[in-house]
Amino acid sequence: MKQPTKDLVKSPAWQALKEHYEAIKDVHMRDMFAEDPLRFENFSTSVNDIVLDYSKNRINEETMRLLMDLARQAKVEEWRDLMFSGEPINSTEHRSVLHTALRNRSSKPIRVNGRNVMPGIKAVLAHMRDFSEQVRSGEWRGYNGARIKSIINIGIGGSDLGPHVVCESMKPYSQRGLDVYFVSNADATHLVETLKCVEPETSLFVIASKTFTTQETMLNAFSARKWFMDLVGNEKAIEKHFVAVTTNVELATRFGINEANTFEFWDWVGGRYSLWSAIGLSIALYLGMDHFESLLEGAYEMDQHFLKTPLEENIPVIMALLGVWYNNFFDAQSHAIMPYSQYLERLPDYLQQLDMESNGKTIDRNGHRVNYLTGPIIWGQSGTNGQHAFFQLLHQGTKPVPADFLIPALSQNPLGLHHRVLFSNCLAQTKALMLGKKYAEAVEEMRHQGYSQDEIEEVIQHKVFDGNKPTNTIIFERLTPKTLGSILAMYEHKVFVQGIIWNINSFDQWGVEYGKVLAGQIQKDLSTPGDVENHDSSTNGLINYRKRVYFDELDKNKLD
Ligand code: G6Q
């Protein structure tokens, strides 16, 4: 399905928003709050225990109505239904986009090319349950009869970030005594430092790669295998300590992994959307399959909310439209993610890939270069740490940075005053960003503190805050596997809706593929003697410098 309008910026819904922007751009949120005592009630919505308060945004009812018109003009609901029903909406790779099928808890069949994919999904889930229970119960033993104590996930990008954020966030649900490590970087340091913490006889390596060809993952997998063989010296032992998660069973078998210990998934699962598939095996091992299924349940509930709730109350739709509002009408270049939860420390990293790899595109679905901004730069850090680092720029910098603040109402670690302090800081920041501080207020404050008129005049301009900085607050009862599943799915759908509005394919990643190919070529050039001349002068210069200075070492360590 092509977009109904050829030129998005000239479309009626876009033009109406542009006009509306001119009318609202100088209105301050503090006045909006003063005029409407029910602003929180009017601009907040919920699903289960997750509440989205979007009242601290530069919007009024008219803004939301016009944004909804934009969503309808882009046919968001129709595209959503196409995705859920297995249509090949990933047009450049001719693939369905069915991460939602992986968490389909209903008995509804979902078809790809006429074939119901649900039996295959259920079979893999059963396999994951069986295997993870064996490992966790101690029934699965290493080659010398020792119990598994360390899970090492070797993968990168989508085969790392999803399981990693979930394992970190769900620590309170883990079984202590079974540790999980994530190795992704081609830098040997990542693997070497991890291997210093584990013993071969109690380690289980999960080689997670959709393609089983990704350079970094294969490099780490082969180096881990060599480490294991050097210490154990028994080829047969490998099958007890290495399992694979991949769509490429043949290559996994060639690596030496028993087919029975290979967990399958499918090409209609995008890498960055794959934590719900067997790529979640490390999650199941670390947290147990029941918790993994709760995560799926939470995501399914968000899917149902996204599918069935009118756009006006639909959390991912609202978040997506607010993002478009700032990205395209206020020219905001970035969007910040501030989880006020130490467990969610890795959420910004995960969302960076989800959003930037999905919507960092310049060519639209019709093959034309866009003439509007697409995906924002996603960044952030957990609160309260960020407050002591980059929040200064949010409060008084020159760049608009809309932000999401996420916070649980109840802590997993209710220790003394900690959670109250955390919670009050979160609210204080969104309040300060919204309100700002007027000149007169700053003067009054300084007078109250006993400063003289001269002292006040000297610094007063620095103590004024414009405010009017937009934030969403996402509050949920407690960070459980189910809630986390819902939050991650919420962001997936937000990114989807934005991709539809910007008329881009959120499900390919040609930039990633390009980098993979070039790295392969340069690696070859590094391992042959003599200068190279086949690149640009910068790349030639750097390759030749590296070879002249260190060729012996490179040669010695080169891959077979
Ligand atoms: C995700 C991307 C990318 C991918 C990695 C790992 O959507 O495609 O991050 O997940 O490059 O790929 P493999 O799983 O094939 O090793």
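Counting starts at 1 for both ligands and their atoms, in listed order.
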Cation-pi check, Arg225 onto Phe205 ring (under 6.0 Å, within 45° of axis): no
So does Arg105 pair up with Glu293, basic N to acidic O under 4.0 Å? yes
Should the pair Glu492-Arg103 be classified as a salt bridge under the 4.0 Å nitrogen-to-oxygen rule? yes
For ligand 1, what is the set of protein residues having any non-hydrogen atom at a distance below 4.0 Å? Ile156, Gly157, Gly158, Ser159, Ser209, Lys210, Thr211, Thr214, Gly271, Arg272, Gln353, Glu357, Gln509, Lys516
For Lys240, give me all partners under side-chain contact (heavy atoms from CB on, under 4.5 Å), at least two apart in sequence or on another chain. Trp140
Thinking salt bridges, do Glu297 and Lys482 make one under a 4.0 Å N-O criterion? no
Tell me, do Ile318 and Leu52 make a side-chain contact under 4.5 Å, heavy atoms counted? yes
